[in-house]
Structure formats: C-alpha cells, structure tokens
S.K.: 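Have a look at this one before I ask anything.
Atom set for the values below is all heavy atoms of this structure, side chains included, hydrogens, waters and symmetry mates excluded. Counting starts at 1 for both ligands and their atoms, in listed order.
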Amino acid sequence: MTFHVITLFPELVEQCCNSSIIGRAFGNGVINLELINLRDFAINSYGSVDDYTYGGGAGMLIACEPVYNAYQKIMEKLPGGSSVRTIYTTPQARVFTQTDAKELSRENDDIIFICGHYEGIDERVLQKIVTDYYSIGDYVLTGGELPVAVIIDAVARLIPGVLNNDESAETESFNDGLLEYPQYTRPKVWQEMEVPPVLLSGDHKKVGEWRHFMAKERTKERRPELYTKYLEERGIW
Ligand code: ADE
C-alpha cells in the first residue's frame with residue numbers, strides 16, 4: 001500500500017515516518033510513502049498556494065487549485081477506477097480511533113492524505129475530493145503533518161509484514177476494547193517495589209487471568225467511558 005501525502009512540509013512527514021519500525025517497513029518496500037509538495041502546484045510565480053478568505057477575518061486559506069492539481073497528479077498514476085480513500089485531518093472532525101486504524105489497514109488501494117495549514121483549505125476542493133475527515137484530538141495544531149504522521153503510524157503497524165513477531169500488535173491496548181495491563185522487567189525489586197508475585201509463578205492460566213483483571217481495572221480507572229462501552233458490548237450492562 002502506498003500512502004500519498006500532499007503537504008507544504010514534506011520533510012516533516014518524512015522525518016516522522018522514516019524512523020524506527022515504520023521507517024524499516026517503508027525502507028523494505030512493505031509499504032510506500034509518496035510525498036507531494038503542494039508548493040510545486042503554486043498558483044503564481046511567487047510560489048503562493050494560499051489567499052485571503054472571503055468575508056474577511058485573520059489568516060490565509062489554501063486555495064482549491066493547488067490541492068486539486070496535486071490530487072489529480074496522484075490519481076493519474078493510479079490504475080483507472082481505483083477508489084482511493086482521501087483523508088483530510090482537521091480538528092473539526094471526529095477523533096480517529098483504533099477501529100479506524102484497523103479499517104484503513106485493510107484497504108486494498110492506496111490512501112491519499114491532505115495536510116492543511118494556515119486557516120485551512122477552501123471548502124469546495126475538500127467537498128470534491130475528501131472521503132474521510134479525522135481529528136487526532138480536541139486541540140489545535142499548526143498543521144496537518146503531525147496528525148497525518150500519527151495516522152500513518154497507527155495504520156501501518158497493522159499491515160501484515162510491518163511488525164515482526166516480537167512486535168506483534170495482537171495483545172495490546174484497545175485490541176478487545178481494554179487498555180493494556182501493567183508490565184514489568186528485571187529487577188524483581190526496584191526501589192522497594194516488587195513485581196507482582198503471580199508473574200513469577202510460571203502459571204500461565206493465572207498470569208492470563210491476572211492480566212485480564214488488571215486490564216479491566218486500569219480501563220475502569222483511567223478511561224471509564226471505554227469501560228462502559230466494553231461492558232455494554234458484552235451485554236454486562
Ligand atoms: N490539524 C490541526 N489540529 C488538528 C487536530 N487536532 N487533528 C487533526 N488535524 C489537525
């Protein structure tokens with residue numbers, strides 16, 4: 001799968017995606033990253049991509065034409081008839097979740113991401129090409145590059161071949177709607193704090209039960225709304 005990213009700051013997205021585990025997968029060709037510099041689609045010889053907003057108000061807005069031309073350039077290279085998910089990240093959307101990450105990781109076709117900047121992007125081009133809007137949280141960032149890198153990371157690690165066995169995504173937080181249980185490594189005692197004895201018992205059944213119990217307790221305490229959902233989905237409510 002190729003992730004195409006339309007951005008004014010390709011180096012920022014590249015830096016985020018090229019390190020660590022996800023960077024290795026991009027390097028191996030398991031997944032691909034194609035960065036499209038919006039500046040290459042400027043509307044004039046000064047390299048402008050933005051303009052004043054109609055109706056007044058502070059700030060500049062990215063115009064339709066550069067975004068649409070960058071999008072067309074990507075589409076021209078894809079096989080005809082591809083249904084390409086086109087994602088715009090904005091705080092004015094619902095928050096991206098692990099369920100969305102799973103769904104996108106099962107996409108057979110490429111995914112296009114558009115990073116906003118300044119006051120955003122002219123609504124008309126968004127209406128024309130965007131299929132999905134996501135926020136990464138209820139706060140405002142200066143641009144869409146970090147949200148896009150966050151989404152790519154969350155999606156990429158679920159694509160077969162990206163993580164190896166040791167890094168498996170199977171038993172971690174959110175997999176069954178619960179946060180992950182606490183984990184420990186050596187030494188057995190650190191600053192007078194002991195590793196829970198059950199983890200040293202060698203009894204896999206007991207360890208499993210303890211982990212499940214702790215996952216529920218942690219979720220109840222830290223994310224009560226997730227815990228309610230977990231109970232409801234199992235008809236325990
Ligand atoms: N762009 C600016 N802030 C954002 C956010 N919180 N989520 C997604 N895109 C954004």
Side-chain angles (χ1 to χ4, degrees), residues 1-20 22 26 31 33-42 48-71 74 84-107 110-159 173-174 179 222-223 225-226 229:
M1 184 196 284
T2 297
F3 300 97
H4 306 263
V5 182
I6 301 174
T7 168
L8 282 168
F9 298 95
E11 65 290 345
L12 182 51
V13 182
E14 187 166 32
Q15 286 242 335
C16 291
C17 294
N18 269 358
S19 51
S20 181
I22 304 302
F26 280 123
I31 45 177
L33 180 65
E34 207 211 359
L35 298 163
I36 300 93
N37 193 336
L38 193 58
R39 201 65 74 188
D40 295 342
F41 300 86
S48 311
V49 293
D50 56 343
D51 210 334
Y52 295 100
T53 52
Y54 278 119
M60 306 286 276
L61 203 65
I62 296 175
C64 291
E65 209 58 15
V67 178
Y68 193 61
N69 290 342
Y71 169 82
I74 300 168
V84 179
R85 295 280 281 267
T86 303
I87 294 172
Y88 179 55
T89 54
T90 165
Q92 297 134 36
R94 75 171 175 78
V95 174
F96 183 78
T97 65
Q98 186 68 14
T99 307
D100 299 312
K102 272 189 202 154
E103 196 216 322
L104 290 177
S105 72
R106 293 191 195 113
E107 270 294 315
D110 292 359
I111 301 178
I112 299 176
F113 292 92
I114 303 168
C115 305
H117 254 275
Y118 314 119
E119 284 304 297
I121 299 182
D122 189 309
E123 193 64 27
R124 292 166 295 181
V125 70
L126 298 178
Q127 263 177 30
K128 185 138 181 107
I129 64 179
V130 171
T131 57
D132 303 83
Y133 293 85
Y134 292 120
S135 167
I136 60 156
D138 291 335
Y139 41 79
V140 180
L141 300 168
T142 51
E145 284 73 17
L146 295 178
V148 164
V150 164
I151 294 176
I152 289 177
D153 191 295
V155 173
R157 62 192 293 286
L158 300 175
I159 294 174
S173 292
F174 302 119
L179 303 184
R222 296 187 183 178
R223 298 289 303 275
E225 80 290 1
L226 282 185
K229 195 166 164 234

S.K.: Judged by atom type as modelled, is there a donor-acceptor pair below 3.5 Å linking the side chain of Asp153 to the main-chain atoms of Val150?
M.R.: no
S.K.: Which bit of Thr89 gets closer than 4.0 Å to ligand 1, counting heavy atoms only: side chain, backbone, both or neither?
M.R.: both
S.K.: May I ask you to identify the nearest protein heavy atom to atom 7 (N) of ligand 1, giving residue, atom name and distance to one decimal place in Å?
M.R.: Ile136 N, 3.0 Å
S.K.: Is there a polar contact between ligand 1 and Thr142, counting only N or O atoms under 3.5 Å apart?
M.R.: no
S.K.: Could you identify the single nearest non-hydrogen protein atom to atom 6 (N) of ligand 1 and state the distance to 0.1 Å?
M.R.: Tyr139 O, 2.7 Å
S.K.: Just do the ring pair (Phe, Tyr, Trp, His ring centres under 6.0 Å) check on His117 and Phe9 with the steps written out, would you?
M.R.: CA-CA 10 Å; His117 254 275; Phe9 298 95; 4.8 Å; yes
S.K.: Around atom CD of Gln15, are there more than 12 heavy atoms of other residues, nucleotides or ligands at under 6.0 Å?
M.R.: no
S.K.: Run the salt-bridge test on Glu103 and Arg85 with the 4.0 Å N-O cut-off and return the result as yes or no.
M.R.: yes
S.K.: Check each atom of ligand 1 against the heavy atoms of Gly137 and keep those under 4.0 Å away; list them by number with element.
M.R.: 6 (N)
S.K.: Quick check: does any side chain N or O of Thr53 sit under 3.5 Å from a backbone N or O of Gly56, one acting as donor and the other as acceptor?
M.R.: yes
S.K.: Between the side chain of Thr131 and the main-chain N/O of Thr86, is any donor-acceptor distance below 3.5 Å?
M.R.: yes
S.K.: Distance under 4.0 Å to a non-hydrogen atom of Leu141: what atoms of ligand 1 satisfy this?
M.R.: 2 (C), 3 (N)
S.K.: Return the option from Gly120, Ser135, Pro91 holding the heavy atom at the smallest distance from atom 4 (C) of ligand 1.
M.R.: Pro91
